[in-house]
Amino acid sequence: MSRTRRRTMAVTVTLIILILVLPGCNQKTKRIENTLRVSVVTYTHDDPFINATVDELKEELKKRETEERKIITSVRSADNDQKAQNEIVEEMIDAGCDILCVNLVDRTDPTTIIRLARQHDIPVIFFNREPVPEDLSQWNQLYYVGCEAKQSGEMQGEIAADYIKNHPEVDRNQDGRIQYILLEGEAGHQDAISRTDSSVKTLIEQGINLEKLSYLFADWNRGQAENRMNQIISQYGTEVEMVISNNDEMALGAIEAYKDAGYNRQEWPIIFGIDGLEDALEAIQNGTMQGTVYNDKEDQAEEMARLAVDIYDGKNQEVQSLQEEKYYVSQYRKVDISNVEDFIK
Ligand code: BGC
């Protein structure tokens, strides 16, 4: 065989190998005609706020189906394990998907998911657990839908301050200070850090003297909050005058603990949450909770659905209206006994 022939064969073999190997990288997933496949993955199956948001998202996507376009939504949860979530995303991509909606387990660790999505050219809408800006700027097909946590903390602080000013009996021991407990969501979650900080700051700015009895982490969870509050009740008895909670589920856990403790209602603290979940709205109506801040899941779900469809259709206006062409920030609203009716469906 001549040298030129050998060289040509070598080049051909290399090309064949490249053609066989390359589809693994930078492979654009094949679209199925007239079908938008949205794959949603949450950090756990066990979070009522997230589950309610995903239910809304499914409905919003369904509404956007037309004769010409079917929308298939699949939902999975990672058991609070980032590695497991990465694997689920890989499986969802293998099964075929056009848009990913990701509620990260660890908001500081989206690298694998971003790499996988980018390799297959699948846009990602992160929601509720916000990646840091450095991660979100890795690719122009990464979006975030959520809220500004500081706003919810400020609103919670304002509702609590108003309540205390209008109800001097909250300061049961009349020492001029409100003894309080803070129930915190989850170390490292943007909402927990910022809500705690801005809620307490706002109360102080509004002239309320506070005395912190304890800060407790209860992972956003009703059962955990109930356990922690049982311990607090056995330690402090009726000394607790206020419970500030990073979300409603934990506030509801505190209510359970007070119900079990068997105190009469004048001995209960005032209790504030965030989210506006159905059970919390009911608790405000019946007076076991004094306020919450509405975390607008309907608005967030609507925006995610709209974005998913517009990105898929290649419409740019929606994306351009986002902050920095990446962020959609939903607005919180204050809820107390004066307007709770407006939030009940
Ligand atoms: C909600 C919590 C929820 C958490 C999950 C927060 O924004 O207020 O109820 O558990 O997100 O990431």
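One-based numbering, in listed order, for ligands and for the atoms of each.
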Ligand 1 to Asp191 polar contact by distance, N or O atoms, under 3.5 Å: yes
Asn103 N/O under 3.5 Å from ligand 1 N/O: no
Atom 11 (O) of ligand 1 - nearest protein heavy atom and its distance: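 Minimum-distance protein heavy atom for atom 11 (O) of ligand 1 reads Asn128 ND2, 2.9 Å.
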Closest candidate by heavy atom, reference atom 9 (O) of ligand 1, pool Asp275, Leu277, Asp47: Asp275
Contact check, Glu130 vs ligand 1, heavy-atom distance below 4.0 Å: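 Judged by the 4.0 Å heavy-atom criterion, Glu130 does not count as contacting ligand 1.
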Donor on one side chain, acceptor on other, Asn295 and Gln300, under 3.5 Å: yes
Flag for Gln231-Asn227: side-chain donor and acceptor within less than 3.5 Å: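 Short answer, no.
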Should the proximity of [X] to ligand 1, defined as any heavy atom under 4.0 Å, be assigned to the side chain, the backbone, both, or neither?
| X | result |
| --- | --- |
| Glu186 | neither |
| Asn295 | side chain |
| Gln300 | neither |
| Arg129 | side chain |

Spatial distance of atom CE (Met242) from atom NZ (Lys212) [nearest 0.5 Å]: 13.0 Å
Salt-bridge contact Glu154-Lys150 (side-chain N to carboxylate O under 4.0 Å): yes
Side chain proximity check, Ile311 to Ile99, heavy atoms < 4.5 angstrom: yes
Beyond-backbone contact of Glu302 with Arg64, side-chain heavy atoms, under 4.5 angstrom: yes
Element-labelled atoms of ligand 1 that are located less than 4.0 Å from some non-hydrogen atom of Phe49: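 Every atom of ligand 1 under 4.0 Å from some heavy atom of Phe49: 1 (C), 9 (O).
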Option among Asp47, Asp279, Asp46, Asp248 that satisfies the salt bridge (charged side-chain N to carboxylate O under 4.0 Å, His left out) test with Arg222: Asp279
